[in-house]
**Q** 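Following this message is one structure expressed as structure tokens.
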Number of protein chains: 2
Amino acid sequence: MWGVPRVSEDHLTARREQILAAARACFLRKGLHNSSMQDLIKEAGLSVGAVYRYFKSKDEIIAAIAEGVVSGISQQIDEIAARRLPLVDSLGLLLEVIDTQLSPDGALPIAVQIWAEATTDPAIGAIAHARYSALRTSVRALVANAAESGELPPEADVDEVNSAVFSLIPGYALQRLLIGTPEREAYLRGIRALITP
Amino acid sequence: MWGVPRVSEDHLTARREQILAAARACFLRKGLHNSSMQDLIKEAGLSVGAVYRYFKSKDEIIAAIAEGVVSGISQQIDEIAARRLPLVDSLGLLLEVIDTQLSPDGALPIAVQIWAEATTDPAIGAIAHARYSALRTSVRALVANAAESGELPPEADVDEVNSAVFSLIPGYALQRLLIGTPEREAYLRGIRALITP
DNA sequence: GTGTCAAGAACGAGCGTTCGTTTTAGAATG
DNA sequence: CATTCTAAAACGAACGCTCGTTCTTGACAC
């Protein structure tokens, strides 16, 4: 027969999240591959056996983190798009979201590590592909709004323009992560000057 | 009397480059941390001792690769800037350069791995900072040209605009690496539509 | 008893690195 | 030119250690 669950399902997902949170903390501090299982087991305050009950390998933990790393950002972009503001204003709000994720406990430093992993590990590559596409699709709504409100040339292709607009997001994040500049407002002024010459 | 170099200096730098080339090949295939010293020693066709004569640790090899990974690109950007073409035309040429570096043996897949390492390793972080800044400065010449030839609003700040323009380069590279799109020409049309509305 | 769940000792594999030894290049010598 | 000599260069077995993972054990709820 099947055993009756000893603990609530909430407890189980909470444990899972506890492990993932510990893993994120370790990966942020030491990187995906310089964090040992022992590191993140200790960080989670659990035992080896407990962790291996919820994830059957380190790769599975990495994959789970890759799955979740930008889901919050996607949501927030959708909310911004729903407000149907002018393109540059939307981008301003979007950059605010990015700024909150640039901190040492934000999603973006881990996202960069996932990208690196994606270039050599097909399983992570597939996840990164899916998540990055989803982000790109969320931003597309901003560009579609701009096209409808006449901010773009009538013959402009929304997908093509979106490729360029979307670049501004990881481009900003990478500059901030690697060289610390520019400030959000300065970056926004740069965009404004570029797109309305 | 005293010993003189037993082999030519060319031989020594050639050996060094042989090791770095092998390391690049391994890192491309398996990533920085999933490539063992034995992997890249075998790839180089040398012995353990030979490799450790030229580099005193794996970290030193990684640092050496980080130093050199985008130097070729910087040069090519400078050449494009010297031609003083309209901004979008320069970007077109620049994207051609990027395309050549996107292939599985190009510099960019390794650059992404370096970025990831930079977020957790201060030594690599400093190198990445320097190299990324240099790239950004090279692109700045393109924007400065555009400002001089009246392609930008007179009050535009070149550095601020450059932050935005520069984003278009890693932004393109990341989209190509992670999701395979867009084509260069489509991307360029998107930029054109965005900046001349 | 019969099952789940957690604990942590134990394991083999593989890691980066060291080091004593062998080979080799080429100047010195006659 | 032939030989000797020596430090540089290359070699690769061996080392200590840490890795990710498995397995045995037992506590606790039915």
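Computed over heavy atoms, backbone and side chain alike; hydrogens, waters and symmetry mates excluded. Every chain is numbered from 1 and lettered A, B, ... according to where its sequence line falls, protein lines coming before strand lines.
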**Q** Picking from C:dG16, D:dG20, C:dA6, which would you name as closest to the side chain of B:Met37?
**A** C:dG16
**Q** So if I take every side-chain heavy atom of B:Tyr52 and compare against D:dT21, C:dT17, D:dC11, which nucleotide ends up nearest?
**A** C:dT17
**Q** B:Asn34 CG to D:dC19 P: how many Å, rounded?
**A** 14 Å
**Q** When the distance from OH of A:Tyr54 to P of D:dT21 is rounded to whole Å, what number comes out?
**A** 18 Å
**Q** Check for a donor-acceptor pair, side chain of A:Thr119 on one end and backbone N or O of A:Ala116 on the other, with a separation under 3.5 Å.
**A** yes
**Q** Check A:Arg140 with A:Asp159, please: is the shortest side-chain N to carboxylate O separation under 4.0 Å?
**A** yes
**Q** From the list C:dT17, D:dA10, C:dA7, which nucleotide is the closest neighbour of the side chain of B:Ala50?
**A** D:dA10
**Q** Rounded to the nearest angstrom, tell me the gap between atom NE2 in A:His33 and atom P in D:dG20.
**A** 10 Å
**Q** Going by distance alone, is a donor N or O of one side chain under 3.5 Å from an acceptor N or O of the other, for A:Gln175 and A:Thr181?
**A** no
**Q** Taking atom P of D:dT22 as reference, at what distance in whole Å does atom CD1 of A:Ile41 sit?
**A** 12 Å
**Q** Figure out the CG/P separation between A:Asp39 and D:dC19, and round it to whole Å.
**A** 6 Å
**Q** Taking 4.0 Å as the cut-off, does a side-chain nitrogen or oxygen of A:Arg53 come that near to OP1 or OP2 on C:dA7?
**A** no
**Q** Whole angstroms only, please: what is the CG-P distance between A:Asp59 and D:dC19?
**A** 16 Å
**Q** If you measure only the distance, is there a donor-acceptor pair under 3.5 Å linking the side chains of B:Ser57 and B:Tyr52?
**A** no
**Q** Just the rounded figure in Å: distance from P of D:dT18 to NZ of A:Lys42.
**A** 12 Å
**Q** Between C:dA6, C:dG16, C:dG8, which one does the side chain of A:Val48 approach most closely?
**A** C:dG8
**Q** Between atom CD in B:Gln38 and atom P in D:dA13, what is the gap in whole Å?
**A** 11 Å
**Q** Choosing from C:dA6, C:dT17, D:dA10, which nucleotide comes nearest the side chain of B:Lys58?
**A** C:dT17
**Q** Compute whether any side-chain donor of one residue and acceptor of the other, for B:Ser163 and A:Tyr172, lie under 3.5 angstrom apart.
**A** no
**Q** For C:dG8 and A:Ser47 - does any side-chain N or O of the residue sit under 4.0 Å from the phosphate oxygens OP1/OP2?
**A** no
